[in-house]
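One structure below.
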Protein chains: 2
Amino acid sequence: MVISVDAYLLDVSAEKLIINVKKSIFEYIRNMLSKKTKYGIKALAFIAKKSDRKPVQTSEISKSENISQKFLESILLELRKSGFLGSKKGKGGGYYLIKEPESILMTAVIRVLEGPIAMVPCVSLNYYEKCDDCPSEETCSVHSLMIQVRDSTLKVLGDNTLADISAKK
Amino acid sequence: MVISVDAYLLDVSAEKLIINVKKSIFEYIRNMLSKKTKYGIKALAFIAKKSDRKPVQTSEISKSENISQKFLESILLELRKSGFLGSKKGKGGGYYLIKEPESILMTAVIRVLEGPIAMVPCVSLNYYEKCDDCPSEETCSVHSLMIQVRDSTLKVLGDNTLADISAKK
DNA sequence: TAATAACCTATAGAATTAGTAGGTTATAAA
DNA sequence: TTTATAACCTACTAATTCTATAGGTTATTA
């Protein structure tokens with residue numbers, strides 16, 4: 001008996017097989033917090049930990065926190081543009097806090113880096129948007145649940161300042 | 001003076017321009033809750049609302065909740081396989097609850113449809129995973145903050161059952 | 001036997017993330 | 001004045017994921 005299979009098709013399906021096996025073994029875990037936000041928070045905490053207000057270089061944070069320097073550059077730039085950091089160019093330059101860590105709420109940081117705190121736009125306070133697929137907000141079973149989630153998350157993030165999360169060694 | 005520009009390149013950059021303009025006008029809002037989960041919750045609530053335990057057809061839910069029927073099929077199938085629903089084939093068939101709505105916690109529903117409730121894998125109770133980029137969990141400034149967020153979210157989702165979210169008309 | 005509705009497999013477009021590449025500009029020290 | 005430094009800027013891309021669609025097969029009921 002001879003079984004003839006097109007080699008290309010075999011290759012393709014073998015590849016699919018491997019992908020599916022990988023998926024079932026290392027099941028994908030959805031990341032709610034983007035790396036950008038995570039790195040941004042880490043960088044802010046790193047800068048806040050240094051009690052002197054001398055500029056901190058991207059390269060130092062990058063090494064210490066194991067973050068791609070180029071990626072980090074873009075994040076710190078954004079944090080500067082949104083008013084969390086100041087910067088200085090040239091030797092001895094870097095980024096520094098322009099407000100007290102105690103006055104920087106984590107809600108503000110996350111809103112700038114990540115966007116809305118709500119899990120669906122239709123319950124977002126700062127980024128509200130009607131769900132285009134939703135027949136009615138009033139009868140929506142998800143809506144009120146997500147309002148509760150939003151409020152409890154807001155409470156936590158509003159209770160934590162940059163000083164709080166930088167405190168622990 | 002003659003300016004010569006390759007027509008293809010012009011087309012390509014014009015397209016990019018449009019994309020960037022669109023991005024800056026309709027700024028992207030990150031959706032934390034996937035449509036799959038949202039639709040799944042809506043479908044469960046829809047089924048729970050019907051006091052009789054007769055099977056509900058995918059087509060009925062699809063129309064009423066404005067959800068793509070094929071997409072919904074795959075979601076309900078998953079909910080059946082994970083033990084939330086029973087099904088019946090053929091005419092008069094459909095999906096039905098196999099537990100009381102009062103006993104179905106939203107934590108369970110979301111964990112099956114969405115995956116972890118935590119915003120980072122390193123604070124997930126059911127899907128724990130070390131962050132590969134993180135030098136140390138103990139000194140991580142994001143870690144403890146995300147534990148607080150996780151706990152407050154768990155509290156809300158654990159306090160709500162399917163009966164609760166189906167209650168409101 | 002015919003209609004129905006769940007079940008199954010494969011595929012695909014769009015959007016987004018997480019970077020990389022390759023520069024330019026401003027500042028400080030030499 | 002030159003040189004090194006570090007922020008700043010623009011463009012691109014590979015990989016991943018989401019949200020479906022297409023086109024069936026199987027089981028059940030009328």
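Proteins come first, then strands; the chains are lettered A, B, ... in the order of their sequence lines, and each starts at number 1.
- Regarding A/Gln57, its CD atom lies at a distance of 15 Å from the C1' atom of D/dC8, rounded to whole Å.
- Using a 4.0 Å cut-off between charged nitrogen and carboxylate oxygen, B/Glu65 and B/Lys49 do not count as a salt-bridge pair.
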Steps toward side chain to side chain contact (heavy atoms under 4.5 Å, CB included) verdict (A/Met32, B/Val120): CA-CA 7 Å; A/Met32 305 281 245; B/Val120 279; over 6 Å; no
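- Ranking C/dT20, D/dT19, C/dA6 by closeness to the B/Lys36 side chain, first place goes to D/dT19.
- At the phosphate of D/dC8, OP1 or OP2 sits under 4.0 Å from a side-chain N or O atom of A/Tyr95.
- Partners of B/Glu60 according to the side-chain hydrogen bond (donor to acceptor under 3.5 Å, both in side chains) rule, which considers only residues two or more places apart in sequence or in another chain, are B/Lys50.
- Atom C1' of nucleotide D/dA7 and atom OH of A/Tyr96 are separated by 12 Å, given to the nearest angstrom.
- Atom NZ of A/Lys88 and atom C1' of D/dC8 are 17 Å apart (whole Å).
- The stretch residues 74-81 of chain A comes close to DNA chain D through A/Leu77, A/Arg80, A/Lys81, each having a heavy atom under 4.0 Å from the strand.
- Whole-Å rounding puts the A/Phe71 CZ to D/dA14 C1' distance at 14 Å.
- Regarding contacts with the backbone of C/dA18, every side-chain N or O of A/Tyr39 stays at 4.0 angstrom or more from both OP1 and OP2.
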Distances under 3.5 Å between protein N/O atoms and the N/O atoms of nucleotides 23-27 of chain D, please, pair by pair.
unit_1 : atom_1 : unit_2  : atom_2 : d
D/dG23 : N7     : B/Lys70 : NZ     : 3.3
D/dG23 : O6     : B/Lys70 : NZ     : 2.0
D/dA27 : O4'    : B/Lys89 : NZ     : 3.2

